[in-house]
Amino acid sequence: SPPPSRSRSLSSSPPPSLSPPPSPLPSRSHSRSRSPSAEILDEMSIVHKRLFLRFATGSPKLPVDGLRGLNPPLTVVLKPPDNGSTPDDYLPSVMTCTNYLKLPNYSTKEIMKDKLMTAIKEGHLSFHLS
């Protein structure tokens, strides 16, 4: 069971668009800005959004009522690095049965985009314990 203090539920996201998960990266400004992960997902093509969805949930399509229809809801948690490593050393990982995305606290939006794209392009066809 995920630690409740670090998880976020996306079940209240508006349907039917693919709303991006919140980012563990802090906002770089004091104004109300969008998270880097939201920007990355918005910039993705439809094909890459479907790959992300398949990577995160195991399904290439959302339910009729969008993210609200995911059961259990898509949850994003911080993936801490092992001792001697940095978050930039890791790819995101998922538990598709529970729609649980483990996202490292990457140092930049560019690294996050690169790692996320690698994970969704290569990771959706394999199964590994993480």
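This one's a predicted model, so the numbers in the text were calculated from it and none came from an experiment.
Between Tyr100 and Val76, the closest side-chain pair of non-hydrogen atoms is not below 4.5 Å. With a 4.5 Å cut-off on side-chain heavy atoms, Leu62 and Leu53 count as touching. Leu51 has its side chain out of reach of Met44: every pair of non-hydrogen atoms, C-beta onward, lies at least 4.5 Å apart. Val94 places none of its side-chain heavy atoms less than 4.5 Å from the side chain of Lys102. Looking at Val47 and Arg50, their side chains never come closer than 4.5 Å, going by heavy atoms from C-beta outward. Counting only heavy atoms from C-beta outward, the side chains of Met112 and Leu103 approach each other to under 4.5 Å. Looking at heavy atoms from C-beta onward, Pro92 lies in side-chain contact with Lys115 at the 4.5 angstrom threshold.
Placement of Ile111 and Phe52 within a single hydrophobic cluster is found when ILVMFWY residues are connected by side-chain heavy-atom separations under 4.5 Å, directly or transitively.
Here the closest non-hydrogen pair linking Ser107 and Asp88 is OG-OD2, 2.5 Å. What you find for Leu101 and Phe55 is that their closest heavy atoms are CD1-CE2, 4.0 Å. Nearest heavy-atom pair, Thr96 versus Gly58, reported as atom, atom and distance to 0.1 Å: CG2-N, 3.7 Å.
Of the N and O atoms on the side chains of Asn99 and Thr57, not one donor lies less than 3.5 Å from an acceptor on the other residue.
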Intermediate values then yes/no, side chain to side chain donor-acceptor pair (under 3.5 Å), Tyr106 and Asp114 | CA-CA 10 Å; Tyr106 296 115; Asp114 180 59; over 6 Å; no
Please lay out, stage by stage, how Ser93 and Lys79 fare under the test side chain to side chain contact (heavy atoms under 4.5 Å, CB included).
-> CA-CA 8 Å; Ser93 59; Lys79 180 179 183 175; 3.2 Å; yes
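Rounding to the nearest 0.5 angstrom, the gap separating the OG1 atom in Thr86 from the CG atom in Asn105 is 10.5 Å. Going from atom CD1 of Ile40 over to atom NE2 of His48 covers 13.0 Å, rounded to the nearest 0.5 Å.
Panel note: side chain Tyr90, backbone Ser85; no donor-acceptor pair is recorded below 3.5 Å. In terms of modelled atom types and a separation under 3.5 Å, the side chain of Thr75 and the main chain of Pro73 share a donor-acceptor contact.
A salt bridge is absent between Glu43 and Lys49: the closest approach of a Lys/Arg side-chain nitrogen to an acidic carboxylate oxygen does not fall below 4.0 angstrom.
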